[in-house]
Amino acid sequence: MKRILYFCFLVILPLVSCKQKEDIQLAENLQQQDNSKKELEKKLIDANNRLMQVQDVQIDGYVARRNWTMQKFENGLRIWEYKKGNGKRYVSLDKVSLKYRLELINGTEIANSEKDGLLSFEIGKGQAAEGLEIAVQILSQGSKAKVIVPSYLGYGFAGDGENIPKQAILIYDIEVL
């Protein structure tokens with residue numbers, strides 16, 4: 001009986017020991033992966049913050065060259081309401097239509113309602129740039145405004161895949177109908 005126990009001890013102990021080493025190695029690998037993910041996340045956040053700062057400077061220069069009196073919001077959105085509206089205020093899930101002109105910060109026109117028709121969307125459904133949806137909720141029916149949307153509130157790093165390039169700052173001239 002002692003021989004059997006001794007034999008089992010000699011056979012099982014190395015197996016258990018190997019399993020423990022595998023578990024330790026697996027835990028170390030998972031920790032390294034977690035650290036890599038955290039490092040990548042930090043790098044992405046840093047890159048995004050730098051992009052926001054660069055775009056903020058570009059937008060400030062654009063506004064200064066035109067002598068526009070724009071309200072700057074904490075999220076980076078800028079609005080100059082050059083004609084006050086006196087109609088209803090829009091909220092999430094309201095359908096809104098705009099007369100508009102959209103151009104890039106370099107002056108390239110992307111679209112306008114005269115040739116492309118009115119821009120209509122339901123607020124909060126992701127049918128328009130996030131910054132435009134926010135602006136419409138700040139304005140009221142009948143308002144005319146210039147709206148500058150930084151890329152992170154517009155079409156982001158990728159653009160729209162068609163007319164709007166990646167990291168594009170959008171300049172809207174809108175009339176809320």
Side-chain angles (χ1 to χ4, degrees), residues 33-34 36-83 85 89-177:
Q33 288 177 354
D34 189 46
S36 295
K37 286 180 185 176
K38 288 177 182 174
E39 189 176 312
L40 177 60
E41 184 177 302
K42 183 184 179 320
K43 286 180 180 178
L44 288 172
I45 289 169
D46 290 345
N48 192 49
N49 287 337
R50 283 191 304 275
L51 175 64
M52 289 170 62
Q53 291 170 350
V54 166
Q55 288 194 354
D56 200 44
V57 169
Q58 289 175 324
I59 294 169
D60 286 344
Y62 181 90
V63 169
R65 287 189 300 275
R66 284 155 184 76
N67 288 324
W68 289 352
T69 308
M70 300 200 91
Q71 182 176 2
K72 180 179 178 181
F73 294 87
E74 201 172 294
N75 60 11
L77 184 70
R78 280 133 170 121
I79 300 175
W80 171 32
E81 186 176 15
Y82 59 88
K83 180 183 178 254
R89 302 273 314 247
Y90 291 93
V91 295
S92 187
L93 302 181
D94 280 347
K95 187 165 179 140
V96 64
S97 293
L98 307 174
K99 284 185 182 176
Y100 75 104
R101 181 173 189 269
L102 170 60
E103 63 182 44
L104 302 176
I105 198 164
N106 67 9
T108 303
E109 184 175 292
I110 300 297
N112 73 57
S113 53
E114 288 182 17
K115 67 177 182 176
D116 301 315
L118 297 177
L119 178 59
S120 297
F121 57 91
E122 202 171 322
I123 297 172
K125 295 283 189 161
Q127 299 167 341
E130 179 184 2
L132 185 60
E133 288 190 7
I134 293 167
V136 166
Q137 293 177 81
I138 292 168
L139 302 167
S140 57
Q141 192 174 31
S143 294
K144 289 185 179 183
K146 302 278 189 184
V147 179
I148 301 180
V149 178
S151 67
Y152 51 88
L153 292 176
Y155 293 89
F157 281 107
D160 73 349
E162 294 176 24
N163 300 321
I164 299 173
K166 62 183 182 174
Q167 301 175 8
I169 298 169
L170 306 174
I171 315 295
Y172 286 93
D173 189 352
I174 64 171
E175 179 181 356
V176 184
L177 303 177

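As a basis for the values below, the full set of heavy atoms in this structure was taken, side chains included, without hydrogen atoms, waters or symmetry mates. Note that the structure is predicted; figures quoted are calculated from it, not measured.
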> Assess the residue pair Ile169 and Leu104 against the criterion (side-chain contact (heavy atoms from CB on, under 4.5 Å)); give the C-alpha distance rounded to whole Å, side-chain angles, the decisive distance to 0.1 Å, and a yes or no.
CA-CA 6 Å; Ile169 298 169; Leu104 302 176; over 6 Å; no
> Mind checking the CG-CZ spacing from Asp94 to Phe121? Nearest 0.5 Å is all I need.
10.5 Å
> Backbone N or O of Gly124 within a donor-acceptor pair of the Glu133 side chain at under 3.5 Å?
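Indeed, once roles are kept as given, a pair shorter than 3.5 Å links the two residues.
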> For the pair Tyr155 (side chain) and Gly161 (backbone), establish whether a donor and an acceptor sit closer than 3.5 Å, ignoring hydrogens and angles.
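Pair absent, no side-chain N/O of Tyr155 close to backbone of Gly161.
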> Ser143 and side-chain hydrogen bond (donor to acceptor under 3.5 Å, both in side chains): which partner among Lys83, Glu175, Glu81, Arg89?
Glu81
> Any side-chain heavy-atom pair from Trp68 and Arg78 closer than 4.5 angstrom?
no
> Find out whether Tyr90 and Lys95 are in side-chain contact, i.e. whether some heavy atom of one side chain is under 4.5 Å from a heavy atom of the other.
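Side-chain contact under 4.5 Å: no.
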> Would you say Asp173 and Tyr82 are linked by a side-chain donor-acceptor pair, where the criterion is simply a distance under 3.5 Å?
yes
> Kindly give the heavy-atom pair with the smallest separation between Val176 and Val96, and that separation in Å.
CG1-CG2, 4.0 Å
> Find the distance between NZ (Lys99) and CG (Leu118) and round it off to the nearest 0.5 Å.
7.5 Å
> If you compare all heavy atoms of Ile164 against all heavy atoms of Ala168, which two are closest, and at what distance to 0.1 Å?
CG2-CB, 3.7 Å
> Within a strict 4.5 Å, meaning less than it, do heavy atoms of the Val149 and Leu77 side chains meet?
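They are in side-chain contact.
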> Taking all heavy atoms of Met70 and all of Lys146, pick out the closest pair and write down the distance.
CE-O, 3.4 Å
> So Leu132 and Tyr100, do their side chains get closer than 4.5 Å, heavy atoms only?
no
> Would you say the side chain of Asp56 lies within less than 4.5 Å of the side chain of Lys72, judging by non-hydrogen atoms?
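Answer yes - side chains close enough.
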> Would Ile171 and Arg101 count as a side-chain contact (heavy atoms from CB on, under 4.5 Å) here? Give the steps.
CA-CA 8 Å; Ile171 315 295; Arg101 181 173 189 269; over 6 Å; no
> Given the ring of Tyr62, does Arg65 sit roughly above its face, with NZ or CZ under 6.0 Å from the centre of the six-membered ring and within 45° of the axis?
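The answer is no; the distance or angle limit is not met.
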> At their closest point, which heavy atom of Leu177 faces which heavy atom of Leu98, and how far apart are they?
CD1-C, 4.3 Å
> Are any non-hydrogen side-chain atoms of Leu119 and Leu102 less than 4.5 angstrom apart?
no
> Does Gln127 use its side chain to pair, donor to acceptor, with the backbone of Glu122 at less than 3.5 Å?
yes
> Is it true that, when you exclude Lys115 itself, more than 12 heavy atoms of the residues, nucleotides or ligands shown sit nearer than 6.0 Å to its NZ?
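More than 12 heavy atoms, drawn from other residues, nucleotides or ligands, come within 6.0 Å of this atom.
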